[in-house]
Structure formats: C-alpha cells, structure tokens
Protein chains: 2
Amino acid sequence: MTARKSVPATEPLATTPERILQAAERLFSERGIDGVSLREITTAAGVNSASAHYHFGSKNAVLETLFSLRASPIIERREAMLSALQLDRLGRPVLEDVLMAFLQPALELLNTPHGATFTLLRARMVLESGDVKHQVLARTFDRTNEKTLKLLAKALPKLPTKDLYWRFHFMLGTMVYTMAQPGRIESVTKDKIKTSDTQAALEQLIRYTAAGFRAP
Amino acid sequence: MTARKSVPATEPLATTPERILQAAERLFSERGIDGVSLREITTAAGVNSASAHYHFGSKNAVLETLFSLRASPIIERREAMLSALQLDRLGRPVLEDVLMAFLQPALELLNTPHGATFTLLRARMVLESGDVKHQVLARTFDRTNEKTLKLLAKALPKLPTKDLYWRFHFMLGTMVYTMAQPGRIESVTKDKIKTSDTQAALEQLIRYTAAGFRAP
DNA sequence: GTCTATACAGTGATAGAC
DNA sequence: GTCTATCACTGTATAGAC
C-alpha cells in the first residue's frame, strides 16, 4: 500500500532477511539459542517459516549470518585501534596498548544490546566441534589475529614465537570465558566480585594478561 | 537365561542406567551432543527408549549425570594433590605447586577415553545459561575451588582478595578454553603449535598463569 | 525471485497397558 | 519396571501461487 523502498516507516518494516535476523537476535538473548525454534523466530518476524530456509538455507546458517554481522564492528574497531598504536623509535608498541586494542572492542560489546547474543553465538562457535563453525571463525578473526600477533611479537622481541602463540591462545581463553559470564566466580565468592563489570574486567584482564605475556 | 546379578559376563551386561550412560558417552564423543538423539542412545544401549526417561527423567538429566560421574575423578585427584602440598615453615605453599595440583587433574583427562565427552559437557554447562546447569557446576566444583582459593591466598599473602578472585576466574577461562581445543591458534599459526599436546600445554599454562597471579 | 501452504521424518516426552 | 502407542513440536524440503 504505502511506499516500500524509501522511507521505512519507523523500524518494523525491513527486508525479510533483516526481520528474521532481528527477531532471532532478540529471542536468543531472552531465552538462549537452543530454547528458540525457527518457527518462533519467523512468527515473531511476521514472515512464513519457510522463508528462513529460502533466504538462509538452514537454522545454523541464520546463526552464522548473525554472528558475522555482529562480529564485524569488533574487527573494524580492533583494526582501527591497532593502526593507531603509538610506536617507539624502534617501531615497537607497548604491550599493554596492544592488549587494550585487542580486548577493549570485544569486552565493550557486553554493554551493547547485541552483546549478549553475540557472546552466546561466539561461545558456541568456539567451543562446539564442527568444521563449518571453525571455518566461520577463521574467516572472521584470523586476519586481525595475525596482525595482533605481529604487534605482540614486536612488543616482546625476546619472547620465542612458540611461547607467544601459547600465550595468545591463553589470552583468547580468558577473553571468551570472561565474556561468556559463566558466573563461576560469583558462585564461589558469593557475588563479592562481578565479572559483568566491564571496566573492572578490562583493567584486571590487561594487568593479568600483560604479566602472563612477560613471564620468563 | 544365565545368571543376571552376579558375574556380569564380560562387560556389555550391566544395569540399564549404566548401559545408557556408556552408550551416551561413546556416541557423544563421536558425533557431539546435539548430533545424537535419545533414541539412538537407547538403541545403542539395547534398551527401550522410554527407559531413559524412567531412569533419568530427561535427556538433560542424562547429560548432567554423565558430567558428574566423570567430574568426580578430577575432584578427587585435585583434593589429593592439594592435601599433599609441601608447605614452608609459615604454612605457605609454592604458587606453582598449587596451580599444578589444580590444573593437572583436569588437563590429563584429555588423554583418557572419557576426556572428549567430559570436555564437551563441561563447556556446555559452563557457557550455556540456565540455573540448573550452574547449580550442577556449583555442586561439583565449588568446594574444591574454595580450597584452592585459600591455598592461593596463602601462596600470595600480599595480593588483595579481589584481585585473587579475578585471577582465579581468568585461570578457569584458560583451562576450560584450552581443554575445549577450539583450534583457533592452530588455524592462525597453520598448525605450528598443537594445544592438544597436554604436557606442553600444562607447562606453558602454569608458567603463564603463575606470572599472571604474581602481576603487581 | 519471493513467498505460502503443506508435508515429512525424527525429536523429547508422557500416559497407560502388560 | 518395562514397553507400546501417541503426543506436540522440531528442522527441513518442495510444489505452486504471486
């Protein structure tokens, strides 16, 4: 009836794939990934249940699309911060600055409306087996990871490459685990600390990780 | 026909719940958790599909039972190693010894036949939301975690409690992530290091974590 | 090309017969 | 206690309307 291409009323009107992704994101954040069926998503989006398969191919493909969509801001912000790093006269960055450039864009996502769902999706991609999911992760993150590794190597010129890789792996672990907010430490300490405090998490994480990277 | 209570032939004969758990563990390790249905499990176990619900209540309850079953050896070994720690004349253990007592029992599980499934289950429990799963984790690990935290506090008398908690949380992250073998570092470094090398992982992990705990 | 209606095999769960 | 029958629901596939 009304114009369909220009002037998208307020918000609810959008292309079908977009509506599906929006509905999926909202429902996932409310009830987890397994707790939501494709039919619920398409119903909430106001589209037919088969259209999800037409546009995406499968439920998993919907998850992967949503993941890639929400990952790109992190990547872009990381790239920007990495490029803006101050270097000394030997071209070396400060370790803490590199860590900040890598970790802050990820951790800050927790304060956004998209954060919860993205973290769920990421944790699933990372920790569930399956070649497809690992390929998605590789396509998404490998380039920035390599860039970060090169900068870390410059910041730590005396560290053997092998140790550097191990420690980068460990850092990824703390990051993913912290973002997933498993609530373990809250349970043990009876809520005396809150890992959902992003600012504190970032400060603590950088101090801890920097010391780990500098270990003998 | 033959005796049913005593003398369990070779192995395949066992109580129905045990057979279900055995079949579940084998199938999960082969094809992941979501890739296996309760019907497949009960069929492989040679029992009726309804018996799983009769004995356990739900598919999730089967997972939780299996998780608790495989977690207890880790807990016991941890307790034993923690109790056997050498203390100095002030009653203080060496940081690296505490970390070894905590991490070794977990990481060594990766070399056992049960390891793969347990790690899958643990990752799911930790990262999926849901009060029930968190309760299972708390019931399983909280006591040993508290014991470990006390020993860490003794090994690091000058570290503020808050920082100690944060760093313990970070250590849990590296441990869970490393055990889950997400293959990220292998992807970035084209298999130049293998996080599946348990011995190397343990050495690297302890050096890295000890430095993190000792950070200023 | 996009969307709809409909159908299918397989899922976890349950009530009730044996 | 165990098994059969059946439930509502899932992800997926396809034929055909616009």
Side-chain angles (χ1 to χ4, degrees), chain A residues 1-6 8 12-25 27-28 30-67 120-121 124-125 128-130 132-133 136, chain B residues 1-5 8 12-25 27-28 30-67 120-121 124-125 128 130 132-133 136:
Chain A
M1 301 298 178
T2 53
R4 196 166 131 246
K5 289 176 73 174
S6 53
L13 272 178
T15 79
T16 300
E18 280 171 356
R19 305 192 60 178
I20 292 172
L21 290 172
Q22 282 172 12
E25 181 163 54
L27 290 172
F28 286 154
E30 288 168 5
R31 296 195 267 124
I33 295 175
D34 288 325
V36 182
S37 69
L38 252 185
R39 277 173 171 83
E40 293 180 89
I41 293 171
T42 50
T43 302
V47 303
N48 188 275
S49 68
S51 67
H53 285 99
Y54 173 73
H55 287 287
F56 296 97
S58 73
K59 180 179 183 180
N60 249 319
V62 176
L63 304 191
E64 286 163 17
T65 307
L66 190 54
F67 170 79
L120 272 181
L121 290 171
R124 170 153 304 208
M125 298 262 175
E128 213 105 331
S129 51
V132 192
K133 289 166 188 170
V136 175
Chain B
M1 301 298 180
T2 52
R4 198 164 129 245
K5 290 176 70 172
L13 274 177
T15 78
T16 300
E18 280 170 355
R19 305 193 59 178
I20 292 172
L21 289 173
Q22 283 171 10
E25 181 163 53
L27 290 172
F28 286 154
E30 288 168 5
R31 296 195 268 125
I33 294 175
D34 289 324
V36 182
S37 70
L38 255 184
R39 279 174 171 83
E40 292 180 90
I41 293 171
T42 50
T43 302
V47 304
N48 188 275
S49 67
S51 68
H53 286 100
Y54 173 76
H55 287 290
F56 295 97
S58 71
K59 180 180 183 179
N60 248 319
V62 176
L63 304 190
E64 287 163 17
T65 307
L66 189 54
F67 171 79
L120 272 181
L121 290 171
R124 172 153 303 208
M125 298 263 174
E128 212 103 333
V132 191
K133 287 166 189 170
V136 174

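The structure presented is a predicted model; accordingly, all values stated were derived computationally and were not measured. In the text below, chain A, chain B and the rest are named by the order of the sequence lines, each starting its count at 1.
- A sub-4.0 Å separation between OP1 or OP2 of D/dT2 and a side-chain N or O of B/H55 is present.
- A/E25 meets the salt bridge (Lys or Arg N to Asp or Glu O under 4.0 Å) test with A/R70; sequence neighbours excluded.
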Annotated protein contacts, base or backbone, on nucleotides 5-18 of chain C with a non-hydrogen cut-off under 4.0 Å, one of B, S, - each: B-B---BBBB----

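- In this structure, CG in A/N60 is found 5.0 Å from NZ in A/K133, a value given to the nearest 0.5 Å.
- Within the model, atoms CG of B/L120 and CD1 of B/I33 stand 5.0 Å from one another, a figure rounded to the nearest 0.5 Å.
- Taken from CD1 in A/I20 to NE2 in A/H55, the straight-line distance is 6.0 Å, to the nearest 0.5 Å.
- Atom CD1 in A/I41 sits about 17 Å away from atom P in D/dC9, given to the nearest Å.
- Between A/F56 atom CZ and D/dT12 atom P the separation is 13 Å, expressed in whole Å.
- To the nearest 0.5 Å, the span separating OH on B/Y54 from CG on B/N48 amounts to 13.0 Å.
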